[in-house]
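These figures come from a predicted structure and were not determined experimentally. Index from 1, following the sequence.
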Amino acid sequence: MLIENVQVFQENCTFMPGKIRIEDGKFAESENISVQEERVDGEGCYAIPGLVDLHFHGCVGHDLCDASEEGIQKMAQYEATVGVTSICPATMTLPEEVLHQIMSVAGRYKTKAESKQPRFEAKLAGVHMEGPFLSAARKGAQAAEHIRKCDIQLFRTLQSASQGMIKLVDVAPEESGAFEFIEQMREEVVISLAHTEADYETASRAFAKGASHVAHLFNAMPPLNHRNPGVIGAARDASHCHVELICDGVHVHPSMVRAAFSMFGPERMILISDSMRATGLNDGWYTLGGQDVCVTGKKAVLRDGTIAGSVTDLMGCLRTAVLDMGISLENAVACATMNPAKEIGIFSKCGSISVGKDADLVLLDQELNVKAVYVNGIKR
């Protein structure tokens with residue numbers, strides 16, 4: 001199949017007019033095209049890689065923490081319809097036995113998915129372990145009663161149950177055992193700072209020991225202060241550190257989104273959705289990590305008013321970043337495709353429109369509406 005008349009996103013973060021060939025579910029060379037080959041008019045659309053969301057909890061009534069293979073599949077099917085073709089859903093702070101069940105289900109789902117023919121659904125690329133190694137002082141929507149200190153053996157038990165699916169683990173570096181955990185686990189998993197009260201010195205030490213990521217920048221951490229720069233300042237100074245940003249129009253003010261892009265540069269930014277199970281559904285009451293959540297419009301809050309995830313999918317966040325926050329389309333696309341794919345080690349398979357990679361592709365019109373999605377070359 002040859003998709004013609006499109007503006008193709010390049011790995012150097014530019015768009016170039018061109019065409020895209022898909023063969024056997026992969027991007028292929030577009031030279032020497034057979035006259036019999038199927039041709040598709042892209043109608044001048046932007047052609048971008050399928051998005052990669054490495055931090056979301058659920059959608060369309062389901063959540064990773066439900067520990068249901070059917071639920072993961074329903075989430076994967078919905079995410080594909082909005083142009084998110086690889087997913088790394090996140091856990092919450094829950095009891096050890098519940099986390100074990102979640103990880104076991106994720107591992108089984110991945111194994112079964114790999115044995116089947118490709119389908120039109122997002123691929124489960126990993127699990128983001130958000131909790132329980134957090135700070136109760138910055139728990140946000142996490143359940144304080146299940147927060148515990150870093151535990152290497154527990155992590156390895158959960159990683160074994162998941163069959164190696166945990167790609168990121170969040171820690172609060174000021175808590176007991178965190179530095180030892182970072183030093184010992186930095187070669188096995190991406191270590192992210194999150195839900196933390198850490199000051200600049202503590203966070204800087206964590207980055208020096210091997211932490212390399214910050215979850216949902218600005219949220220669940222001290223604010224950037226000119227005398228106490230905290231985690232944000234430490235992340236800025238750690239050149240190897242990448243940071244997540246939720247651009248749903250609720251979690252972070254547009255001015256701070258622009259400031260973050262200026263501070264870190266687009267090459268260090270990763271757009272995430274942090275979406276919860278109400279995403280794709282109507283307003284009402286839902287749950288997140290066993291806690292009641294009220295959804296009104298684009299905002300989801302606990303009973304005490306604490307923001308509890310988002311109800312905007314990653315494509316919606318990308319669209320908001322570009323249309324409402326002043327981020328260039330080129331930068332926003334890179335931060336929702338290449339950067340997250342590199343962060344969790346799947347860039348060899350996806351994240352760019354490159355020959356030999358999975359044919360995960362989204363066509364967007366000039367208003368950034370999704371016109372078509374392909375997963376392994378399979379069209380919606």
Side-chain angles (χ1 to χ4, degrees), residues 51 53-84 87-95 97-99 101-103 105-106 109 121-122 124 127-132 134 136 138-147 168 170 194-195 215-216 218-220 244-252 271-320:
L51 307 192
D53 196 347
L54 56 69
H55 190 161
F56 84 107
H57 297 276
C59 54
V60 291
H62 300 278
D63 188 299
L64 177 67
C65 293
D66 296 339
S68 162
E69 291 182 48
E70 180 184 3
I72 295 174
Q73 184 173 29
K74 294 292 185 183
M75 292 191 298
Q77 290 170 342
Y78 170 81
E79 293 292 333
T81 66
V82 297
V84 181
I87 55 175
C88 186
T91 60
M92 293 288 288
T93 297
L94 295 163
E97 61 273 16
V98 177
L99 289 173
Q101 184 179 11
I102 294 165
M103 299 305 180
V105 168
Y109 180 90
E121 59 188 42
L124 183 64
V127 171
H128 184 149
M129 187 172 159
E130 186 180 10
L134 310 176
R138 291 282 178 171
K139 64 183 179 63
Q142 304 285 336
E145 63 269 26
H146 301 307
I147 289 174
L168 303 103
D170 294 343
H195 293 273
H216 41 53
F218 301 120
N219 294 107
E244 303 173 356
L245 202 60
I246 310 170
C247 295
D248 62 346
V250 174
H251 280 76
V252 184
L271 296 189
I272 63 164
S273 70
D274 201 16
S275 68
M276 47 86 71
R277 71 171 77 242
T279 303
L281 301 177
N282 297 324
D283 290 359
W285 285 93
Y286 298 87
T287 60
L288 178 65
Q291 301 178 92
D292 292 333
V293 178
C294 181
V295 173
T296 306
K298 295 177 69 174
K299 194 170 187 179
V301 297
L302 301 181
R303 290 187 180 275
D304 65 2
T306 301
I307 293 177
S310 89
V311 290
T312 304
D313 59 68
L314 184 57
M315 186 61 77
C317 290
L318 182 151
R319 191 178 296 113
T320 298

Taking atom [atom1] of [X] and atom [atom2] of [Y], what is their separation to the nearest 0.5 Å?
X    : Y    : atom1 : atom2 : value
E97  : L99  : CD    : CG    : 8.5 Å
I272 : H251 : CD1   : NE2   : 8.0 Å
E121 : M75  : CD    : CE    : 11.5 Å
H55  : L168 : NE2   : CG    : 9.5 Å
Q73  : S68  : CD    : OG    : 9.5 Å
M276 : L281 : CE    : CG    : 9.5 Å

Test V82 against every option in L314, D53, D313 by the side chain to side chain contact (heavy atoms under 4.5 Å, CB included) rule and name the one that passes.
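Considering L314, D53, D313, a side chain to side chain contact (heavy atoms under 4.5 Å, CB included) with V82 is found only for D313.
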Residue pair [X] / [Y]: nearest heavy atoms and the distance that separates them:
X    : Y    : value
A122 : V84  : CB-O, 3.3 Å
A106 : V127 : CB-CG2, 3.8 Å
C59  : Y78  : SG-CD2, 3.6 Å
L288 : A141 : CD2-CB, 4.2 Å
V293 : A300 : CG1-CB, 3.7 Å
M129 : P132 : CE-CD, 3.8 Å

Report, as yes or no, whether the 6.0 Å neighbourhood of atom CD on E70 holds more than 12 heavy atoms from other residues, nucleotides or ligands.
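No.
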Could you tell me if the side chain of [Y] sits less than 4.5 Å from the side chain of [X], heavy atoms only?
X    : Y    : value
H128 : D170 : yes
L64  : F56  : no
L124 : P89  : yes
T93  : K139 : no
C65  : I102 : yes
T320 : D248 : no

Could you check I307 against K299 for side chain to side chain contact (heavy atoms under 4.5 Å, CB included), going step by step and ending with a plain yes or no?
CA-CA 7 Å; I307 293 177; K299 194 170 187 179; 4.3 Å; yes
Determine whether L302 and D292 satisfy the following criterion, side chain to side chain contact (heavy atoms under 4.5 Å, CB included), listing intermediate values before the conclusion.
CA-CA 6 Å; L302 301 181; D292 292 333; over 6 Å; no
For [X] and [Y], indicate whether the former's side chain and the latter's backbone hold a donor-acceptor pair under 3.5 Å.
X    : Y    : answer
S275 : G58  : yes
T312 : C317 : no
K298 : V250 : no

Between H57 and E130, is any side-chain donor less than 3.5 angstrom from a side-chain acceptor?
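Distance-only check passes for H57 and E130.
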Go through the steps for H62 and V60 under the test side chain to side chain contact (heavy atoms under 4.5 Å, CB included), then give the verdict.
CA-CA 6 Å; H62 300 278; V60 291; 4.3 Å; yes
List the residues meeting ring pair (Phe, Tyr, Trp, His ring centres under 6.0 Å) with H195, not counting sequence neighbours, and say none if there are none.
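For H195 the ring pair (Phe, Tyr, Trp, His ring centres under 6.0 Å) partners, ignoring immediate neighbours, are H216.
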Taking side chain to side chain donor-acceptor pair (under 3.5 Å) as the cut-off, I'd like each qualifying pair that reaches into residues 278-287, sequence neighbours left out, listed once.
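For residues 278-287, and leaving out neighbouring residues, the side chain to side chain donor-acceptor pair (under 3.5 Å) pairs sorted by first residue read R277-T287.
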